[in-house]
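Have a look at the structure below, then the notes.
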There are 2 protein chains.
Amino acid sequence: MNTSNLIAAISKHITLDEEEVSFFISVLLPVKIRQGEMVEKPGDTSKYFVHVVSGCLMSYYTDKTGIDHVIQFAQAGWWTGDLPSFTKQIPAIYSTRALTDSEVLLLPKTGMDDVLGKYLKFERYFRILFQNSLETHQNRLIQNLSSTAEERYLAFGKKYPSLEQFVPQKYIASYLGITPEFLSKIRRKLMEK
Amino acid sequence: MNTSNLIAAISKHITLDEEEVSFFISVLLPVKIRQGEMVEKPGDTSKYFVHVVSGCLMSYYTDKTGIDHVIQFAQAGWWTGDLPSFTKQIPAIYSTRALTDSEVLLLPKTGMDDVLGKYLKFERYFRILFQNSLETHQNRLIQNLSSTAEERYLAFGKKYPSLEQFVPQKYIASYLGITPEFLSKIRRKLMEK
DNA sequence: TCCTTTTCTTAATCCAGTTCAAGTGCTATG
DNA sequence: CATAGCACTTGAACTGGATTAAGAAAAGGA
């Protein structure tokens, strides 16, 4: 499977020599996933941090009443998974599933520890990765607090135009924090305009 | 001002020698802030990442209708500030203000760049810092999506018991994503039980 | 192909939380 | 010690979005 896009992304932040590149690649597990397949499920301890090469995954939390809440849609080039479960090796609370047939590179916990132990500079890449993700989450938090569902839907469509094409609407509703019924209502209202 | 707690916190994740410690301390600016004073305001580019030594700060977003949304309360030992503004040197969208008289250590952007450039191992500390903060934000996002205001209030009280003592209720309401009026009603309902 | 299952829509009703408006209590400052 | 200004409370009216229940339209799957 193709690792060059990931290496290119990392190389935007740190300069790698051949040895570092090949060591990093050597700890990755390339895996193909069918649409609908679970990569990770709640209760299990997460073994991998998941990098999407092609396709699209989503991770979500299922609450006590059985309702799913989408945390993230992960397209090509994104990392996903249950971070607390992965880093602390505790039971996962999120599920991660493929929305389309996908190719992923799995970074095992021990592999990440080895890479970071051996080549400290990878710390910078992950620092920047988490920093950016934190900013994204802060923005989303604020948007949830300060905008209506309609505004959030419009913003979502603008930010992730490609997702709207193939992600079932009920998951988009879940990501936005509303019911599928209400999203349907919003869409009709916008069509009529 | 006392830097030993910060150094101790960092030393939980990386081992520092004397030179590294003293260089890191040398880039920090110790500052005392009065209750109510602004550390950072929207529009300005953030010059510092802020570490709280004592007291309590909060950072918040003011939306287009003038309503404040609290992103974070930062107590002793926490870092705060407008992260996108700090890292990318773009205009801030958050305000940061002292809720009590406080002592902070300011880490200037150039200081952080110097530290990370000179001693790569500090990358690990910040990677873990952002990783933990990301996990906290994911949890909060999920809680906002899956719990009622009352449940969120109770969870808040359990997680940050000390804050409830001195943080004005309107800011707690803002953090919870509800109006002060509704928080007042929740509190009365809980008292009556 | 037909049948089953899942997704999406529509509409009626309901409720958690908002808005508005008025009143209470505290404390800061002259 | 007066008064002005916040923080907080209360209550009534309202609304954004949930719930429930039904039907229509897609999407598998044998």
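Residue numbers start from 1 in every chain, and the chains themselves are labelled A, B, ... in the order their sequence lines are given, proteins ahead of strands. Everything numeric here is computed off the predicted structure, so don't read it as measured data.
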Roughly how many Å is it from CZ in Phe182(A) to C1' in dA16(C), rounded to a whole number? 14 Å

Looking across every strand, which nucleic acid part, if any, lies under 4.0 Å from Gly177(B) by heavy atom: base, sugar-phosphate, or nothing? sugar-phosphate

Can you check the Ile67(A) CD1 to dT20(D) C1' distance for me, whole Å? 13 Å

Quickly work out the Ile186(A) CD1 to dT10(C) P distance and round it to whole Å. 14 Å

Under 3.5 Å, N/O pairs linking protein and nucleotides 11-13 of chain D:
| unit_1 | atom_1 | unit_2 | atom_2 | d |
| --- | --- | --- | --- | --- |
| dG11(D) | OP2 | Arg188(B) | NH2 | 3.4 |
| dA12(D) | N6 | Lys185(B) | NZ | 3.2 |

Ring centroid separation for Phe122(A) and Phe126(A), is it under 6.0 angstrom? no

Flag the pair Tyr175(A) / Phe73(A) as yes when their ring centroid distance falls below 6.0 Å, and as no otherwise. yes

Matching residue for Leu57(A) among Val50(A), Leu99(A), Thr100(A) - test: side-chain contact (heavy atoms from CB on, under 4.5 Å): Val50(A)

Taking the basic N atoms (NZ, or NE/NH1/NH2) and the acidic carboxylate oxygens, is any pair closer than 4.0 Å for Glu123(B) and Lys121(A)? no

Under 6.0 Å between ring centres: does that hold for Tyr94(B) and Tyr60(B)? no

Within the structure, does a side-chain N or O atom of Thr179(A) lie under 4.0 Å from either OP1 or OP2 of dA18(D)? yes

No-hydrogen, no-angle side-chain donor-acceptor test under 3.5 Å, Thr62(B) and Asp68(B): yes

What integer distance in Å separates Ile178(B):CD1 from dT19(C):C1'? 15 Å

Give a yes or no on whether Lys109(A) atom NZ has more than 12 heavy-atom contacts from other residues, nucleotides or ligands under 6.0 Å away. yes

Does any residue of residues 152-171 of chain B have a heavy atom under 4.0 Å from DNA chain D, and if so, which ones, in number order? Pro168(B), Gln169(B), Lys170(B)

Just wondering, more than 12 heavy atoms not from Lys64(A) lying within 6.0 Å of its NZ? yes

Return the value, rounded to whole Å, for the distance between atom CG of Leu183(A) and atom C1' of dG16(D). 14 Å

Atom-pair distance (CZ on Arg187(B); P on dT10(D)), nearest Å: 10 Å

Would you mind reading off the distance between Glu151(B) atom CD and dA16(C) atom P, rounded to a whole angstrom? 11 Å

Rounded off to whole Å, could you give me the NZ-to-P distance for the Lys189(A) and dT10(C) pair? 15 Å

For Ser95(A) and Glu40(A), test the side chains for any donor-to-acceptor distance below 3.5 angstrom and give the result as yes or no. no

